[in-house]
Amino acid sequence: QVQLVESGGGLVQAGDSLRLSCATSGGTLGNYAMGWFRQAPGKEREFVAAINWSGHSTYYTDSVKGRFTCSRDNAKNTMYLQMNTLKPDDTAVYYCVASRTGTSFTDIVQAPPLNLLWGQGTQVTVSS
């Protein structure tokens with residue numbers, strides 16, 4: 001059974017950078033779209049970024065455009081989220097997701113949550 005495992009979260013100061021990783025175990029997801037969601041305390045889960053199966057197309061929520069970069073290395077079965085110029089509003093649990101069937105980033109952005117495979121999440125805390 002394919003599982004997603006996030007790593008790289010932590011406590012940083014505003015303006016710092018972090019890189020999250022999402023490793024795939026128990027199989028490969030190189031043919032499917034992947035992405036990131038986050039959930040801050042007391043708030044609903046929100047979409048952050050998505051990447052198509054090849055890594056050539058990406059899509060971001062407006063609040064992270066120009067600061068976050070999503071990439072993937074299919075040879076390593078790993079996806080990344082490079083987060084620069086972090087803000088306190090970026091504080092959240094970050095979840096890695098993968099489409100169960102789709103190859104386009106739209107399969108992440110528009111998919112019902114049950115259509116996605118979810119990781120366990122990694123905490124990112126940004127202090128002011």
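By convention here, the first residue in the shown sequence is residue 1. Heavy-atom basis, side chains included; hydrogens, waters and symmetry copies ignored.
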| said: Please evaluate residues Met79 and Trp36 with respect to the criterion side-chain contact (heavy atoms from CB on, under 4.5 Å), reporting the C-alpha separation (whole Å), side-chain torsions for both, the decisive distance (0.1 Å), and the verdict. | reply: CA-CA 10 Å; Met79 178 182 62; Trp36 296 90; 3.2 Å; yes

| said: Please give me the minimum heavy-atom distance between Arg38 and Ala92, naming the atom from each residue. | reply: CB-CB, 3.8 Å

| If two hydrophobic side chains count as joined below 4.5 Å and joins carry through other members, does Tyr94 share a cluster with Val109? | no

| query | If Ile, Leu, Val, Met, Phe, Trp and Tyr residues are connected whenever their side-chain heavy atoms lie under 4.5 Å apart, and connections chain through other members, are Tyr59 and Tyr32 in the same group? | reply | no

| Nearest heavy atoms of Gly8 and Leu18, plus distance in Å | O-CD2, 3.6 Å

| said: Checking Asn52 against Ser104: is there a side-chain donor and acceptor pair closer than 3.5 Å? | reply: no

| query | Atom CD of Gln120 and atom CD of Gln3: how far apart are they, to the nearest 0.5 Å? | reply | 9.0 Å

| task | Indicate if Leu4 and Val124 have the same hydrophobic cluster label, given that clusters are the connected sets of ILVMFWY residues with side-chain heavy-atom separations under 4.5 angstrom. | result | yes

| message | Using every non-hydrogen atom in the two residues, find where Thr24 and Met34 come nearest and quote the distance to one decimal. | response | OG1-CE, 4.4 Å

| Step by step, would you call Ile108 with Phe47 a side-chain contact (heavy atoms from CB on, under 4.5 Å)? | CA-CA 9 Å; Ile108 299 296; Phe47 165 78; 4.2 Å; yes

| task | Give the minimum heavy-atom separation between Glu6 and Cys96, together with the two atoms involved. | result | OE2-N, 2.7 Å

| message | Can you tell me how far apart CD (Gln82) and CZ (Arg19) are? Round to the nearest 0.5 Å. | response | 7.0 Å

| Tyr80, OH: over 12 other non-hydrogen atoms inside 6.0 angstrom | yes

| Is the shortest side-chain N to carboxylate O distance from Asp62 to Lys65 below 4.0 Å? | yes

| note | Residues pairing under salt bridge (charged side-chain N to carboxylate O under 4.0 Å, His left out) where one sits in residues 107-126, two or more places apart or in two chains, turn out to be none

| message | Hydrophobic cluster membership, with links at side-chain heavy-atom distances under 4.5 Å among I/L/V/M/F/W/Y: are Trp118 and Leu20 in one? | response | no

| query | Got a donor-acceptor contact below 3.5 angstrom from the Thr91 side chain to the Asp89 backbone? | reply | no

| field | Phe68/Asn84 under side-chain contact (heavy atoms from CB on, under 4.5 Å): CA gap, chis, key distance, verdict | value | CA-CA 6 Å; Phe68 290 12; Asn84 298 330; over 6 Å; no

| field | Met83 side, atom CE; Leu81 side, atom CG - distance, nearest 0.5 Å | value | 5.5 Å

| query | Is the closest side-chain heavy-atom distance between Thr122 and Val93 below 4.5 Å? | reply | no

| Separation of Phe37 CZ from Glu46 CD (nearest 0.5 Å) | 9.5 Å

| query | Would Thr28 and Asn77 satisfy side-chain hydrogen bond (donor to acceptor under 3.5 Å, both in side chains), going step by step from the backbone distance to the final call? | reply | CA-CA 6 Å; Thr28 178; Asn77 292 321; 3.0 Å; yes

| said: Looking at every non-hydrogen atom in both residues, tell me the closest pair between Thr69 and Tyr60 and how far apart they are. | reply: CA-OH, 3.4 Å

| message | With heavy-atom distances below 4.5 Å as the criterion, would you say the side chains of Leu116 and Pro113 are in contact? | response | no

| Interatomic spacing from NE2 in His56 to CD1 in Ile51 - rounded to 0.5 Å | 9.0 Å

| message | Could you go through Leu117 and Val2, starting from their C-alpha distance and side-chain angles, then the distance that decides it, and tell me whether this counts as side-chain contact (heavy atoms from CB on, under 4.5 Å)? | response | CA-CA 9 Å; Leu117 180 65; Val2 177; 3.9 Å; yes

| task | Report the distance from atom CG of Leu11 to atom CG of Asp16, rounding to the nearest 0.5 Å. | result | 9.5 Å

| said: For Asp90 versus Thr85, what's the shortest heavy-atom pair and its separation? | reply: OD2-O, 4.4 Å

